[in-house]
Amino acid sequence: MISYIIKRVVMMIPILFGISVLSFAIMYAAPGKPAIMNLDPEIPPEVREAQIERLGLNDPIPVQYVRWLGNVAQGDFGTSYSRKIPVTDMILDRLPNTLLLMASSLFIAAIIAIPFGVISATRQYSLTDYGVTMGSFVGLATPNFWLGIMLIMLFSVQLGWTPVGGVATIGADFSILDRLHHLILPAFVLATADMAGLTRYTRSSMLEVVNQDYIRTARAKGFRERRVIYKHGLRNGLIPVITMFGLMLPTMIGGSAIVESVFNWPGIGKMFIDATFQRDYPVIMAITMFGALLTVIGNLIADILYAVLDPRIEY
């Protein structure tokens, strides 16, 4: 297992390198320069050119990339063009909020989707199965931003049950209940699409498991149906579902940018959107690489969980 993990970590290096090259090229191919975006349009042209020269944006793109990569290798992601502070400090300041939102969304998706997927599989072609299937398709087709706005209108504006946005009540002392009060709506919205896909995947996996010989043997021994499904079937049924958790990380990272913007949640997703409009290249690249690294780590964790759930797998 240790040697396998080391090999996977080594394999991360060319993957992250390729992502950085592609992201850097696409970003710098976009029209507009950060020096122009963040300067007063009335200042003299020579001042703009001096700013562009100071930032090194007149250098060829390969030169700029090599310079950026060398700084990253030393742990320096640069300084924000718009806020004039280190990018690392900006990310560390907002990263806990994003991780909290993603972890909560993953938890909500798991505790809702897996039981519904099992129920749908064990009651195949029933009204319950059709209802869960329809709900899953609706969840997959509903845009996060629209659902977030509708829930804000209902629970925040009309009913007044939840705050409109933010991570905590301004001016109030720290309170876990207050944080949960602000967290529940954005976490549910972010979990919706993944919840729907996870439900369908769990259903398909469990349908294969419940028809296996060892399940029929367990039933023939007189075990109760609940024990047969949840003790003997669910553990094996969850093995393919683990793949979904690795695939859910990229969608959550992308979805968090939209959800954080809708709910004014101060995370790195919202910071990424703001940096994109401001052409703040150091911030964009740092967040892009963080998302890629988190995705690769998520896939590695999924592979490790395979061996935990299925003792037949050896690395």
Side-chain angles (χ1 to χ4, degrees), residues 1-5 7-8 11 102-142 187-255 294-315:
M1 176 66 75
I2 300 299
S3 60
Y4 171 78
I5 295 176
K7 291 179 182 178
R8 287 297 302 267
M11 290 173 58
M102 292 177 59
S104 302
S105 302
L106 190 63
F107 176 74
I108 291 174
I111 64 173
I112 294 178
I114 293 178
F116 272 98
V118 173
I119 292 173
S120 181
T122 55
R123 300 180 183 180
Q124 189 180 15
Y125 304 133
S126 66
L127 291 178
T128 302
D129 183 24
Y130 291 136
V132 171
T133 300
M134 182 178 297
S136 300
F137 287 142
V138 171
L140 287 171
T142 304
F188 177 79
V189 171
L190 183 59
T192 302
D194 294 316
M195 189 191 312
L198 189 59
T199 300
R200 297 296 301 164
Y201 210 83
T202 303
R203 179 184 182 275
S204 299
S205 179
M206 286 299 297
L207 283 176
E208 294 181 5
V209 169
V210 295
N211 293 320
Q212 297 296 320
D213 292 338
Y214 67 90
I215 294 294
R216 286 193 289 267
T217 301
R219 287 172 175 159
K221 290 182 176 180
F223 294 146
R224 291 190 302 176
E225 186 68 14
R226 179 179 296 272
R227 181 180 179 183
V228 171
I229 296 298
Y230 289 97
K231 183 176 181 180
H232 298 276
L234 184 58
R235 180 171 181 175
N236 292 303
L238 286 179
I239 294 176
V241 176
I242 294 298
T243 306
M244 283 294 297
F245 286 98
L247 299 176
M248 284 166 61
L249 286 177
T251 60
M252 280 195 169
I253 294 171
L294 188 62
T295 301
V296 174
I297 292 175
N299 290 328
L300 176 60
I301 294 175
D303 288 342
I304 295 174
L305 288 177
Y306 272 131
V308 174
L309 291 175
D310 192 347
R312 296 172 299 178
I313 298 177
E314 295 182 358
Y315 292 105

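Heavy-atom neighbours of Gln212 CD from other residues, nucleotides or ligands within 6.0 Å: above the threshold of 12.
Using a 4.5 Å heavy-atom threshold, the side chains of Ile119 and Val132 count as separate. Counting heavy atoms from C-beta outward, Ile229 and Met206 have side chains that approach closer than 4.5 Å. Here the side chains of Leu106 and Met102 are not in contact, with every heavy-atom distance at 4.5 Å or above. Considering only heavy atoms from C-beta on, Leu190 stays 4.5 Å or farther from Met195 through its side chain.
With sequence neighbours left out, Thr202 forms a side chain to side chain donor-acceptor pair (under 3.5 Å) with no residue at all. Not counting sequence neighbours, the partners of Arg216 by the side chain to side chain donor-acceptor pair (under 3.5 Å) test are Asp213.
Across all non-hydrogen atoms, the minimal contact from Tyr130 to Tyr125 is CE1-O, 3.5 Å. Scanning all heavy atoms of the two residues, the minimum distance from Pro115 to Ala110 falls at CD-O, 3.6 Å. Of all heavy-atom pairs spanning Arg123 and Asp129, the tightest one is O-CB, 3.2 Å. Between Ala187 and Ser105, the shortest heavy-atom contact is O-OG, 3.1 Å. Heavy atoms only, all atoms of each residue included: Ala196 and Ser136 are closest at CB-O, 3.1 Å.
Checked by atom type and distance alone, the side chain of Thr142 pairs as donor or acceptor with a backbone atom of Val138 at under 3.5 Å. For the pair Thr199 (side chain) and Gly117 (backbone), a donor-acceptor distance under 3.5 Å is absent.
Here CG of Asp194 is found 11.5 Å from CD1 of Ile108. Values are rounded to the nearest 0.5 Å. Atom CD of Glu208 sits about 12.5 Å away from atom CD1 of Ile215, to the nearest 0.5 Å.
Side-chain atoms of Ser120 and Arg203 include a donor-acceptor pair closer than 3.5 Å.
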